Peer 1: 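Structure in structure tokens, see below.
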Protein chains: 2
Amino acid sequence: MKRKITLKQIARELDVSISTVSKALRNSEEISADTIEKVQAFAKLYNYKPNNIALSLKNRRTKKIGVIIPEIVHHFFSNVIKGIEKVANKHGYNVIVALSNESFDKEVLNMEMLANGSIDGFILSISKETLMLKDYHHFRETINQGMPIVMFDRVVNEINCDKVIVDDFDGAKNAVKIMIDGGSKHIGIITTKDYVSVGSLRTNGYLSALQLSGITASDELVLKVEDGLDTEENSDKLYKTIQSLFDNNPQMDGVFAVNELFALIAMKVAHERGIKIPEQMQVIGFTNGVLSKYATPSLTTVSQHAQQIGEQSAYLLIERLEKDEDLEEDGWKTVIVKTDVVERDSTK
Amino acid sequence: MKRKITLKQIARELDVSISTVSKALRNSEEISADTIEKVQAFAKLYNYKPNNIALSLKNRRTKKIGVIIPEIVHHFFSNVIKGIEKVANKHGYNVIVALSNESFDKEVLNMEMLANGSIDGFILSISKETLMLKDYHHFRETINQGMPIVMFDRVVNEINCDKVIVDDFDGAKNAVKIMIDGGSKHIGIITTKDYVSVGSLRTNGYLSALQLSGITASDELVLKVEDGLDTEENSDKLYKTIQSLFDNNPQMDGVFAVNELFALIAMKVAHERGIKIPEQMQVIGFTNGVLSKYATPSLTTVSQHAQQIGEQSAYLLIERLEKDEDLEEDGWKTVIVKTDVVERDSTK
DNA sequence: TTGTATGCGTTATCAT
DNA sequence: ATGATAACGCATACAA
């Protein structure tokens, strides 16, 4: 169990100075070919790798990007990260992920842990609890201390920073329109509580589509759930609430769900009730992942191009990181990534 | 955009020495109440936080645990991480996640990035490509340099380290036995290629269960797939292969799948073929997640107690980290976490 | 061509 | 009660 070898040790072994070793390893012109060879051979033998911590301290940059996401299971986040990594790696950055588990405290804690030297900037999607509490002080502080943040998907107007969002409103509107075109008259929506920005945008898109087609919206058909799937109990409650939606609205012939899982549960409940999809009821979910594809029947979804979202976020962050230090404070960009509807078997 | 404030700056502003500031902030007995108050007030005002990088360099420890997982979507990994965080946080450690995306290169890269000072130890599950290549040099090097590794789920005998595994063999055996008891005579298995250790263990459990019940195993009924769901193309291929399994074995009346998604796809294909579940065919999947619960019909699964796996892993790692430096080299532990079968509607 | 000194931010040890 | 100094590992400006 030998400790990692350092420049100092190499220097001592080879009886040269530390700086000579340092220079030799970087093939400096100043050093003789002989010494370079000797040093590099020794370094290779002992598998020398510069200590990143020391480098970070010296350079005041880590070449690392911190990503904070609320949950890990969603295919959406997985793909966002893939996009981030693609761009980050291309520019010589590494990616570190931390989870908030939809909790405000964990979000704050994890940001503090990373902000203190571990990374150069954040890409994050806000936790539900934070959105509910409307407490954004940790974002402000981080930004004030010179560490840039890029928010994606779940963003918030109160904070000035670069953002990457999806056209939630239009995406939802288009989806609902497809169901209306397919003949649905009584379309229900399973969405999140309003404090989740994307949830309320999608709800509005749904309402707008109805209005445009001259359909009067009914409160009965709008289900705003607290979607905690973290515990057995929560997930049961969710299930039961969706069952009630069906039981209270026997005339319902379409369901628009703001995420994949809600849609899946809706289909399960429909199946229990003997309702045929898509003949008697059409279903569309937001977010296109594996779940939708292999559901029975396969689910029509609003595809979010998660990977693109990740790529854009990484571009924005790196651009800011590499910009002439603190040149201009302002000029925050918001990039909108368009959605597409992917039609499968749950719509006509 | 003010940089983060440092001890040095506080010292200069307050016209005291750096060490006085440092001590004052830690409420040292040596410092007068006056000074302590003055310094702390100033620090608070400017929101002073010690620089973790500097601390790490000094202390030669980061109080961070690095977790490397092959994929992020699986509910299984999500819960493992939850377990790790629970124990880690209790012991004052933070958790950093990196993804290998089932790629050898990314696994190596990410380990190198983290091993060089960012963390104190690893908890990881080996990527498929690594298992296939059987190239474990990066694990050996990491361990040799004094950084402990705990492997979970996908482990490998060739490396000496602490491990946390599941009773894959018995879990599979029990699951298949349940199907046999339920009347299935021709049970198929959808598993991974043999290089994935857990896949082959589960396959053996399946074979053992058949043998015990006097059923002759048939090669036709064993499907070993390359499960890349990363691209559209791969996921299509997977789907088609599973369809062939059904078409080549019309007599098949049971399917045991080594993960949730394989089971889901099998159910979808069965549905396409008009096969009723569980009446005409029983299905069981390994890994118990949300998917299984909300599938139609809900899926009987082998539950892996992912969170426990995470907790155990964290315990093992922290124990080793806090142990008297390099006291004893040996005595690697392997903890086995038992599985349970959760019966739902896809079995009789 | 090689070596010395300095600094990145912090803490601990040893003066004063 | 306070301060100076060294050290963690590295890179670099400046001597020699």
Side-chain angles (χ1 to χ4, degrees), chain A residues 2-40 42-43 46-63 112 115-120 145-147 325, chain B residues 2-40 42-43 46-63 112 115-120 145-147 325:
Chain A
K2 52 191 179 226
R3 274 254 153 278
K4 278 191 59 67
I5 197 168
T6 68
L7 287 189
K8 192 196 266 194
Q9 295 169 45
I10 300 183
R12 198 183 316 140
E13 293 292 327
L14 265 41
D15 207 40
V16 290
S17 79
I18 296 181
S19 56
T20 302
V21 177
S22 174
K23 288 171 186 162
L25 286 173
R26 338 190 100 248
N27 287 308
S28 163
E29 295 291 330
E30 305 177 10
I31 307 295
S32 74
D34 263 17
T35 313
I36 289 192
E37 200 187 356
K38 190 175 61 178
V39 169
Q40 293 198 351
F42 191 91
Y46 284 88
N47 190 29
Y48 170 80
K49 295 265 173 49
N51 180 323
N52 275 331
I53 291 289
L55 283 179
S56 299
L57 188 59
K58 181 142 208 7
N59 302 331
R60 275 114 143 280
R61 60 182 336 198
T62 62
K63 281 280 186 177
E112 279 178 358
N116 256 270
S118 298
I119 58 158
D120 296 337
Q145 301 194 338
M147 173 152 307
E325 270 308 299
Chain B
K2 51 190 177 222
R3 275 254 153 279
K4 278 191 59 69
I5 196 169
T6 67
L7 289 186
K8 192 195 267 193
Q9 294 169 48
I10 300 183
R12 198 183 315 139
E13 293 292 328
L14 264 41
D15 206 40
V16 291
S17 77
I18 295 181
S19 43
T20 302
V21 176
S22 175
K23 286 171 187 164
L25 287 174
R26 338 191 100 248
N27 287 308
S28 162
E29 295 291 332
E30 306 178 11
I31 307 295
S32 73
D34 263 17
T35 313
I36 290 191
E37 200 187 358
K38 188 175 63 177
V39 169
Q40 293 197 350
F42 191 90
Y46 283 89
N47 191 27
Y48 169 80
K49 293 267 171 51
N51 180 326
N52 275 332
I53 291 290
L55 284 181
S56 299
L57 187 59
K58 182 139 206 11
N59 303 333
R60 277 109 145 282
R61 64 185 329 200
T62 62
K63 281 280 187 176
E112 278 177 1
N116 256 267
S118 298
I119 58 157
D120 296 337
Q145 299 192 340
M147 174 153 305
E325 271 307 297

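All of these numbers come straight from a predicted model, not from anything done at the bench. Below, chain A is the first sequence line, B the second, and so on; all start at residue 1.
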Peer 1: Does OP1 or OP2 of C:dG9 have a side-chain N or O of A:Arg60 closer than 4.0 Å?
Peer 2: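 For C:dG9, OP1/OP2 do have a side-chain N/O of A:Arg60 under 4.0 Å.
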Peer 1: Indicate the atoms forming the closest heavy-atom contact of A:Asn116 with B:Pro50, along with that distance.
Peer 2: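 Result for this residue pair: OD1-O, 2.5 Å.
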Peer 1: Taking only the side-chain nitrogens and oxygens of A:Ser32, find out if one of them lies under 4.0 Å from OP1 or OP2 of C:dT2.
Peer 2: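 Yes, within the criterion.
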Peer 1: If you round to the nearest 0.5 Å, how far is CG of A:Leu14 from OG1 of A:Thr20?
Peer 2: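 These two atoms lie 10.0 Å from each other.
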Peer 1: Using only side-chain N and O atoms of A:Arg61, determine if any of them is under 4.0 Å from OP1 or OP2 of C:dC8.
Peer 2: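 Looking at the OP1 and OP2 atoms of C:dC8, neither is under 4.0 Å from any side-chain N or O of A:Arg61.
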Peer 1: Distances under 3.5 Å between protein N/O atoms and the N/O atoms of nucleotides 5-7 of chain C, please, pair by pair.
Peer 2:
unit_1	atom_1	unit_2	atom_2	d
C:dG7	N2	A:Lys58	NZ	3.1

Peer 1: Find the distance B:Tyr46:OH to C:dG9:C1' and express it as a whole number of Å.
Peer 2: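 For the pair B:Tyr46 OH and C:dG9 C1', the rounded distance is 19 Å.
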Peer 1: Report yes or no: is there a donor-acceptor pair, N or O only, under 3.5 Å between the side chain of B:Lys49 and the base of C:dG9?
Peer 2: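 It does not, because no donor-acceptor pair links the side chain of B:Lys49 to the base of C:dG9 below 3.5 Å.
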Peer 1: How many angstroms lie between CG in A:Asn52 and CD in B:Glu112, if you round to the nearest 0.5 Å?
Peer 2: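 Here the interatomic distance stands at 10.0 Å.
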Peer 1: B:Pro50 or B:Lys23: which one's nearest nucleotide on DNA chain C is closer to the 5' end?
Peer 2: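 That would be B:Pro50.
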Peer 1: Decide yes or no on side chain to side chain contact (heavy atoms under 4.5 Å, CB included) for B:Ile31 and B:Val39, but give the supporting numbers first.
Peer 2: CA-CA 11 Å; B:Ile31 307 295; B:Val39 169; over 6 Å; no
Peer 1: Send over the distance from A:Asn52 CG to D:dC10 P, rounded to a whole Å.
Peer 2: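 For the pair A:Asn52 CG and D:dC10 P, the rounded distance is 10 Å.
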Peer 1: Return the value, rounded to whole Å, for the distance between atom CG of A:Leu57 and atom P of D:dG9.
Peer 2: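 Distance, rounded to whole Å: 12 Å.
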Peer 1: So do B:Asn27 and B:Gln40 actually touch side chain to side chain, heavy atoms under 4.5 Å?
Peer 2: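 With C-beta onward as the side chain, the pair touches.
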Peer 1: Find the distance A:Ile53:CD1 to D:dA11:P and express it as a whole number of Å.
Peer 2: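 It works out to 14 Å between those atoms.
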Peer 1: Using whole Å, what does the distance between atom C1' of nucleotide C:dG9 and atom NZ of B:Lys4 come to?
Peer 2: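 In whole Å, C:dG9 C1' and B:Lys4 NZ are 11 Å from each other.
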Peer 1: CG of B:Asn59 versus P of D:dG9: gap in Å, rounded?
Peer 2: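 Interatomic distance, CG of B:Asn59 to P of D:dG9: 12 Å.
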Peer 1: Return the value, rounded to whole Å, for the distance between atom CD1 of B:Ile5 and atom C1' of C:dT10.
Peer 2: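 Roughly 15 Å, once rounded to whole Å.
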Peer 1: Mapping B:Thr35 and B:Ala54 to their closest nucleotides on DNA chain D, which lands nearer the 5' end?
Peer 2: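 Between the two, 5'-proximity favours B:Thr35.
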Peer 1: Quick one: is B:Thr20 getting a side-chain N or O under 4.0 Å of the D:dT2 phosphate, OP1 or OP2?
Peer 2: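 For D:dT2, OP1/OP2 do not have a side-chain N/O of B:Thr20 under 4.0 Å.
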Peer 1: May I have the distance from A:Leu7 (atom CG) to D:dC8 (atom P), rounded to whole angstrom?
Peer 2: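 Atom CG in A:Leu7 sits about 13 Å away from atom P in D:dC8.
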Peer 1: A:Ser22 near the nucleic acid: base, sugar-phosphate alone, or nothing, with a heavy-atom cut-off under 4.0 Å?
Peer 2: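 Base: the residue A:Ser22, judged by heavy atoms under 4.0 Å, touches a nucleobase.
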Peer 1: Contact class for B:Ser56 (heavy atom, under 4.0 Å): base, sugar-phosphate, or nothing?
Peer 2: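 Nothing: the residue B:Ser56, judged by heavy atoms under 4.0 Å, touches no strand.
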Peer 1: Taking the side chain as everything from C-beta on, heavy atoms only, tell me whether B:Met147 gets closer than 4.5 Å to B:Ile119.
Peer 2: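 The answer is yes; the side chains approach within 4.5 Å.
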Peer 1: In dot-bracket notation, what is the pairing pattern of DNA chain C, taking Watson-Crick (N1-N3 plus N6-O4 or O6-N4) and G-U wobble (N1-O2 and O6-N3) contacts under 3.5 Å, with [ ] crossing and | for other strands?
Peer 2: ||||||||||||||||
